[in-house]
Protein chains: 2
Amino acid sequence: MLNQQASLDLMFQALADPSRRMMVERLSQGPASVSELAKPLDMSLPAVVQHLQVLEASGLIRTEKVGRVRSCTLDTGALQRAEQWIHERRALWERRLDRLGEYLALSEDPKGHDPT
Amino acid sequence: MLNQQASLDLMFQALADPSRRMMVERLSQGPASVSELAKPLDMSLPAVVQHLQVLEASGLIRTEKVGRVRSCTLDTGALQRAEQWIHERRALWERRLDRLGEYLALSEDPKGHDPT
DNA sequence: GTGTTACTTAAGCGAATGCTTAACCAACAA
DNA sequence: TTGTTGGTTAAGCATTCGCTTAAGTAACAC
């Protein structure tokens, strides 16, 4: 298993490309085949497959081949980990701003010392 | 102003590097100077500055130079937009799974037709 | 069988990334 | 004024990325 850091690397990297995000958007509405995913994109099929490999390596999607079509589905567990990472940093920062606001509100010194 | 797509590109791209995420983690606890951010990282100062440029271009941080030190702070608005994008896709997918579950539960045919 | 469809594999190429070192500059300190 | 600190700029370089075309292969349709 990959460590947490490397796994976030792959996920954010995967989400950094607009074509790949478009695939994720499509997959958020339900499973799709490779050529369905390729249809709205202006690039060759091998290029699409390469994007899919990036998404799969990142854990954001899973794929399964049935007959000659490969079916792709979103893995929301991975999405959730990425969302969680961002959320935690944001929460930390906002809690800090809250503390700062409280301090300033309670402070008797109108000029305020920076409590950081 | 950048369009939504390009802006997400830059944000996710910025978050895809572990050194940059480390800087964001540090900044989530309060503002810091360039050399404070550089201290835990095993690379030259110019390299750190280049990472900061990526973060600033993505909108994730803002910086201001006072005297000879540059102070960096997190911009949670940008973080929130990235979090929101992920959250929406995930929510869509999970709502779909719920509908599917309901359908299967209500179905009179024990084998179930796939309603997708 | 003979197609046609749905990918897959391989090789190559230009551009972008993540670093480096060397040299520079501007603020403050003695 | 002479250093030292905190960054900045510029150039170069190896690697990775996003694409291409060309040539497979394996499943299904007739």
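- Using a cutoff of 4.0 Å between basic side-chain nitrogens and carboxylate oxygens, B:Arg89 and A:Glu25 are scored as salt-bridged.
- Nucleotide D:dC17 holds its P atom 9 Å from the CG atom of A:Leu10, rounded to whole Å.
- Using a 3.5 Å distance cut-off with no hydrogens or angles, the side chains of A:Arg62 and A:Thr73 do not pair a donor with an acceptor.
- Between B:Glu64 and B:Arg70 no salt bridge is recorded (no basic side-chain N to carboxylate O distance below 4.0 Å).
- Of the side-chain N and O atoms in B:Ser44, none sit less than 4.0 angstrom from OP1 or OP2 of C:dT21.
- Taking atom CZ on A:Arg70 and atom C1' on D:dC28, their separation rounds to 18 Å, with Å as the unit.
- For A:Ser19, no side-chain nitrogen or oxygen approaches OP1 or OP2 of D:dG18 to under 4.0 Å.
- When each of A:Asp17 and B:Gln53 is assigned the nucleotide of DNA chain D with its nearest heavy atom, B:Gln53 is the one assigned upstream, toward the 5' end.
- Checking C:dG18, D:dT8, C:dA6 against the side-chain heavy atoms of B:Leu45 singles out D:dT8 as nearest.
- Under the side-chain hydrogen bond (donor to acceptor under 3.5 Å, both in side chains) test applied with A:Gln84, the options A:Gln80, A:Glu88, A:Arg81 reduce to a single match, A:Glu88.
- For the pair B:Leu52 CG and D:dG7 C1', the interatomic distance rounds to 11 Å; values are reported in whole Å.
- Residue A:Glu56 contributes atom CD, which lies 14 Å from atom P of C:dC7 at whole-angstrom precision.
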Can you list, pair by pair, the side-chain donor-acceptor contacts under 3.5 Å of residues 30-51 of chain B, counting residues two or more places apart and other chains?
from: B:Ser33; atom 1: OG; to: B:Glu36; atom 2: N; distance (Å): 3.2
from: B:Glu36; atom 1: OE1; to: B:Ser33; atom 2: N; distance (Å): 2.8
from: B:Ser44; atom 1: OG; to: B:Ala47; atom 2: N; distance (Å): 3.4
from: B:His51; atom 1: ND1; to: B:Arg20; atom 2: NH1; distance (Å): 3.1

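- Evaluation of atom-type donor-acceptor distances gives no pair under 3.5 Å for the side chain of A:Gln50 against the base of D:dC17.
- Atom C1' of nucleotide D:dG18 and atom CE of A:Met43 are separated by 8 Å, given to the nearest angstrom.
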Item to complete: Let me have a per-nucleotide readout for nucleotides 22-30 of chain C, 5' to 3', with B, S or -, counting only protein heavy atoms under 4.0 Å.
Response: B----BS--

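- OP1 or OP2 of C:dT17 lies within a sub-4.0 Å distance of a side-chain N or O belonging to B:Gln13.
- Residue A:Glu36 contributes atom CD, which lies 10 Å from atom P of C:dA6 at whole-angstrom precision.
- Put simply, CG on A:Leu15 and CD1 on B:Ile86 are 5.5 Å apart, with the number rounded to the nearest 0.5 Å.
- We find that CD of B:Glu64 is positioned 16 Å from C1' of D:dG7, with the value rounded to whole Å.
- Phosphate contact (OP1/OP2 of C:dC19, side-chain N/O of B:His51, threshold under 4.0 Å): present.
- The closest side-chain donor-acceptor pair between B:Thr63 and B:Glu56 falls under 3.5 angstrom.
- Nucleotide D:dC17 holds its P atom 13 Å from the CG atom of A:Leu55, rounded to whole Å.
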